[in-house]
K.L.:
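This is the structure, below, for whatever I ask next.
Chain letters run A, B, ... following the sequence lines, proteins first, then strands; residues in each count from 1.
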There are 2 protein chains.
Amino acid sequence: MKELPQISTTEWQVMKVLWIKAPLTANEVITEIEGVTTWKPKTVKTLLGRLVKKRAIAFNKDGRAYVYYPLVAEDECVKAESHSFLEKVFSGALNVMFANFLEEQKLSKEEIDELKRILDQKNS
Amino acid sequence: MKELPQISTTEWQVMKVLWIKAPLTANEVITEIEGVTTWKPKTVKTLLGRLVKKRAIAFNKDGRAYVYYPLVAEDECVKAESHSFLEKVFSGALNVMFANFLEEQKLSKEEIDELKRILDQKNS
DNA sequence: CCTCTAAGATTACAAGTGTAGTATTAAAAT
DNA sequence: ATTTTAATACTACACTTGTAATCTTAGAGG
């Protein structure tokens with residue numbers, strides 16, 4: 001189990017496209033990101049650079065261009081973020097968190113049924 | 001519906017004691033916090049000052065001492081934080097988030113049953 | 001009244017973040 | 001071979017955050 005770097009909110013958006021579509025060149029990442037944000041290309045490059053420095057991603061050279069890929073696993077990062085959030089907001093109380101989300105959010109019948117299926121599986 | 005200030009991780013700890021026990025003097029907050037962290041008293045005072053500046057809390061004077069109380073509601077803040085987290089990590093996909101938490105975390109049978117009860121209520 | 005204490009106010013300071021712009025340089029085009 | 005392009009590298013810059021220390025001042029104690 002490795003040390004996970006701290007990944008900021010904007011960096012998460014970059015990681016998410018890399019987790020789904022890596023390997024990607026900087027320009028491909030920029031194209032993907034432009035669908036979702038209003039960031040300038042240079043901003044995305046900065047984020048890629050910072051993620052490299054943090055060792056969250058790495059690249060291979062293809063001529064003058066870099067082709068990026070993740071070094072950290074998505075589920076590890078998701079787990080770490082989730083833990084932080086749960087601690088920060090709910091002091092670790094998972095059931096309180098669930099109850100809260102279920103209160104606030106509207107779920108379709110299908111989603112509710114899916115969650116109940118998951119719970120049933122856990123129960124056995 | 002008011003604008004919620006940005007509340008940092010450390011500031012959340014202070015807010016949590018105020019939400020539970022306000023009104024509290026700075027020293028009372030410090031005492032509460034000392035049970036949970038290793039922060040120096042001055043650190044807590046800084047956080048109280050920042051929260052006042054952000055208008056997350058306010059105070060009344062009692063002689064030379066300030067007595068603090070929250071200006072923002074806990075459930076509003078919880079909701080906002082939860083939304084940010086859900087967006088950042090799960091791109092807003094609530095069911096994915098649930099499934100993930102249920103995968104990772106261990107829940108007692110009682111907790112699972114409680115969640116199912118909540119789900120049943122939502123379903124009707 | 002004067003002194004000391006302790007409360008709040010101000011200052012510190014490096015690292016991280018959001019959001020790019022400018023500089024350098026290698027490769028593509030002509 | 002020289003010019004142009006465009007990719008990466010460096011620089012910017014204000015704000016937030018974590019983590020306090022020092023300064024100022026109003027009461028508490030004598």
Side-chain angles (χ1 to χ4, degrees), chain A residues 3-18 23-34 36-69 77 80-81 84-85 87-89, chain B residues 3-18 23-34 36-69 77 80-81 84-85 87-89:
Chain A
E3 284 311 304
L4 293 174
Q6 195 62 35
I7 296 175
S8 79
T9 305
T10 47
E11 289 162 359
W12 259 88
Q13 300 211 46
V14 174
M15 291 307 293
K16 282 195 282 195
V17 348
L18 286 175
L24 290 180
T25 64
N27 281 338
E28 289 168 336
V29 173
I30 287 166
T31 301
E32 293 290 329
I33 288 281
E34 269 172 358
V36 191
T37 73
T38 60
W39 302 341
K40 298 287 186 337
K42 296 288 184 171
T43 300
V44 179
K45 299 254 194 156
T46 298
L47 295 174
L48 285 168
R50 287 181 183 170
L51 286 167
V52 168
K53 191 154 152 209
K54 291 180 179 183
R55 303 188 178 287
I57 67 179
F59 58 80
N60 292 123
K61 296 190 186 180
D62 175 20
R64 76 272 131 201
Y66 291 178
V67 181
Y68 296 91
Y69 58 91
C77 291
E81 271 305 312
S84 297
F85 165 72
E87 276 305 317
K88 169 178 172 180
V89 177
Chain B
E3 285 313 304
L4 292 174
Q6 196 60 37
I7 296 174
S8 79
T9 305
T10 47
E11 288 162 0
W12 260 87
Q13 301 212 45
V14 173
M15 290 308 292
K16 283 195 280 195
V17 350
L18 285 175
L24 289 180
T25 65
N27 281 336
E28 288 168 338
V29 173
I30 288 167
T31 301
E32 293 290 329
I33 289 281
E34 269 171 0
V36 190
T37 73
T38 60
W39 303 340
K40 299 288 187 339
K42 296 288 184 174
T43 300
V44 179
K45 299 252 196 158
T46 298
L47 295 175
L48 285 169
R50 288 181 182 170
L51 287 167
V52 168
K53 191 154 151 208
K54 292 179 177 184
R55 304 187 175 287
I57 66 178
F59 57 82
N60 291 124
K61 296 190 186 179
D62 176 20
R64 75 273 130 201
Y66 291 178
V67 182
Y68 295 91
Y69 59 91
C77 291
E81 274 300 316
S84 298
F85 165 72
E87 276 305 317
K88 170 178 173 181
V89 176

K.L.:
Please work out if Lys54(B) contacts a base, only the sugar-phosphate, or nothing of the nucleic acid, heavy-atom cut-off 4.0 Å.
P.N.:
sugar-phosphate
K.L.:
Are Cys77(B) and Ile7(B) side-chain neighbours, meaning at least one heavy-atom pair lies under 4.5 Å?
P.N.:
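Of all side-chain heavy-atom pairs linking Ile7(B) with Cys77(B), at least one is under 4.5 Å.
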K.L.:
Using atom CD of Glu34(B) as one end and atom C1' of dA20(D) as the other, report the distance to the nearest whole Å.
P.N.:
14 Å
K.L.:
For Ala26(B) and for Thr46(A), locate the closest nucleotide of DNA chain C by heavy-atom distance; then report the residue assigned to the nucleotide nearer the 5' terminus.
P.N.:
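Checking each residue's closest nucleotide, the 5'-ward one belongs to Ala26(B).
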K.L.:
Rounded to whole angstrom units, what separation is found between the CH2 atom of Trp12(B) and the P atom of dT17(D)?
P.N.:
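Value for this atom pair: 13 Å.
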K.L.:
Quick one: does Leu24(A)'s side chain get under 4.5 Å of Val17(A)'s, heavy atoms only?
P.N.:
yes
K.L.:
Scan Thr43(A) against the nucleic acid and name what it touches under 4.0 Å (heavy atoms): base, sugar-phosphate only, or nothing.
P.N.:
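Thr43(A): base contact, heavy atoms under 4.0 Å.
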K.L.:
Would you kindly give the CD-to-C1' distance between Gln6(B) and dA14(D), to the nearest whole Å?
P.N.:
16 Å
K.L.:
Between dA7(C) atom C1' and Ile30(B) atom CD1, what is the distance in whole Å?
P.N.:
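For the pair Ile30(B) CD1 and dA7(C) C1', the rounded distance is 10 Å.
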K.L.:
Quick one: on DNA chain C, does Lys45(B) or Leu47(A) contact a more 5' nucleotide (nearest heavy atom)?
P.N.:
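Closest to the 5' end, via its nearest nucleotide, is Lys45(B).
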K.L.:
Measure up the Phe59(B) and Tyr68(B) rings against each other and bin them: parallel (under 30°), tilted (30 to 60°), perpendicular (over 60°).
P.N.:
perpendicular
K.L.:
Does any N or O donor sit under 3.5 Å from an N or O acceptor when you compare the side chain of Lys42(A) with the base of dT8(D)?
P.N.:
yes
K.L.:
Could you state the atom-to-atom distance from CG of Leu51(A) to P of dT17(C) in whole Å?
P.N.:
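In whole Å, dT17(C) P and Leu51(A) CG are 10 Å from each other.
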K.L.:
Quickly work out the Asn27(B) CG to dG27(D) P distance and round it to whole Å.
P.N.:
16 Å
K.L.:
Rounded to the Å, how far apart are Tyr68(A) OH and dA7(D) P?
P.N.:
11 Å
K.L.:
Measure the distance from CZ on Arg64(B) to C1' on dG29(D) and round it to the nearest whole Å.
P.N.:
13 Å
K.L.:
Inspect the contact between Glu81(A) and Lys88(B) and indicate whether a charged nitrogen and a carboxylate oxygen are less than 4.0 angstrom apart.
P.N.:
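Glu81(A) and Lys88(B): salt-bridged.
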K.L.:
With a 4.0 Å cutoff (strictly under), does any side-chain N or O of Lys40(A) reach OP1 or OP2 of dA20(C)?
P.N.:
yes
K.L.:
Compare side-chain N and O positions of Tyr66(B) against OP1 and OP2 of dA9(C) and report whether any pair is under 4.0 Å apart.
P.N.:
yes
K.L.:
Output yes when at least one side-chain N/O atom of Ser8(A) is less than 4.0 Å from OP1 or OP2 of dG18(C), else no.
P.N.:
yes
K.L.:
So, under a plain 3.5 Å distance rule, would you say the side chain of Arg50(B) forms a donor-acceptor pair with the base of dT19(D)?
P.N.:
yes
K.L.:
Is Leu47(A) close to Trp39(A) at the side-chain level, that is, under 4.5 Å between some pair of heavy atoms?
P.N.:
yes
